[in-house]
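Note sheet for the following structure.
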Amino acid sequence: MSDEVISLQRLLEEDKRYPLDAYVFVRDALTYASDELNLGNAIHEPTLELESTARPGKPAEKHLTGQELCNAIRLYAINQFGYMAKKVLNNWGIASTGDFGNIVFNMINIGLMKKSQNDRREHFDDVYDFDEVFEKQFELKTPRR
């Protein structure tokens, strides 16, 4: 078993607030933010989101703020789950953007993500209201014919 898997197993045993699916989802949303939404600024220091070091043929690391990541997670959740996004997140124990911060900083603490010197857990607090963005503002986009 890899060190990452062992670290994640220990995390899930120590902090039972969120299931594995929640961690995988946030990690996938980070990839979505970088690859699909092209968010983040290239930097040359450890970042909140991307843990790799620069290697030949590998793009420079990007940094997303807590607010940017929360907004990317919102878009990814709607993309993946549609109108059920809030229900799925709630089922995983995620009821506010602060929960995203808890998940991210848990992964930082076990070495699955990195952060910059300026990143704080509080940057994830109250970025948006789940009822507002997942219910009141929800808009289903259908393909045009």
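Scope of the values below: all heavy atoms of this structure, side chains included, with no hydrogens, waters or symmetry mates. Owing to the predicted nature of the structure, the values given are computational and were not obtained by experimental measurement.
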(request) State, yes or no, whether a side-chain contact exists between Tyr83 and Glu135 at a heavy-atom distance under 4.5 Å. (result) yes
(request) Evaluate the side-chain proximity of Phe124 to Ile103: yes if any heavy-atom separation is below 4.5 Å, no if none is. (result) no
(request) State, yes or no, whether a side-chain contact exists between Leu69 and Phe100 at a heavy-atom distance under 4.5 Å. (result) no
(request) Evaluate the side-chain contact (heavy atoms from CB on, under 4.5 Å) criterion for residues Met113 and Val104: first the C-alpha distance (whole Å), next the side-chain angles of each, then the deciding distance (0.1 Å), finally the verdict. (result) CA-CA 7 Å; Met113 287 185 175; Val104 166; 3.9 Å; yes
(request) Using a 4.5 Å cut-off on heavy atoms from C-beta on, say whether the side chain of Asp131 contacts that of Lys86. (result) yes
(message) Using every non-hydrogen atom in the two residues, find where Ile78 and Ala85 come nearest and quote the distance to one decimal.
(response) N-CB, 4.2 Å
(message) Looking at Val133, is its backbone amide N or carbonyl O close enough to the side chain of Lys136 to form a donor-acceptor pair, meaning the two atoms are under 3.5 Å apart?
(response) no
(message) Nearest 0.5 angstrom please: Ile6 CD1 to Leu11 CG, how far?
(response) 14.0 Å
(message) How about CZ on Arg121, more than 12 heavy atoms from neighbouring residues, nucleotides or ligands closer than 6.0 Å, or not?
(response) yes
(message) Quick check for you: to the nearest 0.5 Å, what is the distance between Glu36 atom CD and Thr31 atom OG1?
(response) 10.0 Å
(request) Would you give the length of the straight line joining atom CG of Leu8 to atom CD of Glu13, rounded to the nearest 0.5 angstrom? (result) 10.5 Å
(message) Just so I know, are the side chains of Tyr23 and Asn106 near enough to count as touching, which here means a heavy-atom distance under 4.5 Å?
(response) yes
(message) The criterion is ring-ring contact (aromatic ring centres under 6.0 Å, His included); which residues satisfy it with Tyr76, sequence neighbours excluded?
(response) Phe25, Tyr32
(message) For a quick test of reading the model, state the closest non-hydrogen atom pair linking Gln117 to Arg120 and the distance between them.
(response) O-NH1, 2.8 Å
(message) Using the rule given for side-chain contact (heavy atoms from CB on, under 4.5 Å), can you reason through Leu12 versus Tyr18, listing the C-alpha separation, both sets of side-chain angles and the distance that settles it, and then say yes or no?
(response) CA-CA 8 Å; Leu12 293 170; Tyr18 313 105; over 6 Å; no
(request) Considering non-hydrogen atoms only, spot the tightest contact between Asn90 and Ala95 and give its length. (result) ND2-CA, 3.6 Å
(request) Determine whether Arg74 and Phe134 make a side-chain contact, defined as any pair of heavy atoms from C-beta on separated by less than 4.5 Å. (result) yes
(message) Just so I know, are the side chains of Asp125 and Thr97 near enough to count as touching, which here means a heavy-atom distance under 4.5 Å?
(response) no
(request) Using a 4.5 Å cut-off on heavy atoms from C-beta on, say whether the side chain of Val26 contacts that of Met107. (result) yes
(message) Would the distance check show the side chain of Glu132 and the main-chain N or O of Asp129 forming a donor-acceptor pair, the cut-off being under 3.5 Å?
(response) no
(request) Mark yes when over 12 heavy atoms from residues, nucleotides or ligands other than Asn79 sit less than 6.0 Å from its CG; otherwise mark no. (result) yes
(request) Check whether any side-chain N or O of Arg17 sits under 3.5 Å from a backbone N or O of Asp99 as a donor-acceptor pair, and report yes or no. (result) no
(message) For Asp119 and Ser116, which I'm curious about, is there any donor-acceptor pair between the side chains at under 3.5 Å?
(response) yes
(request) To the nearest 0.5 Å, tell me how far Leu89 CG sits from Met84 CE. (result) 11.0 Å
(request) Any chance you could measure Leu64, atom CG, to Ile73, atom CD1, to the nearest 0.5 Å? (result) 9.5 Å
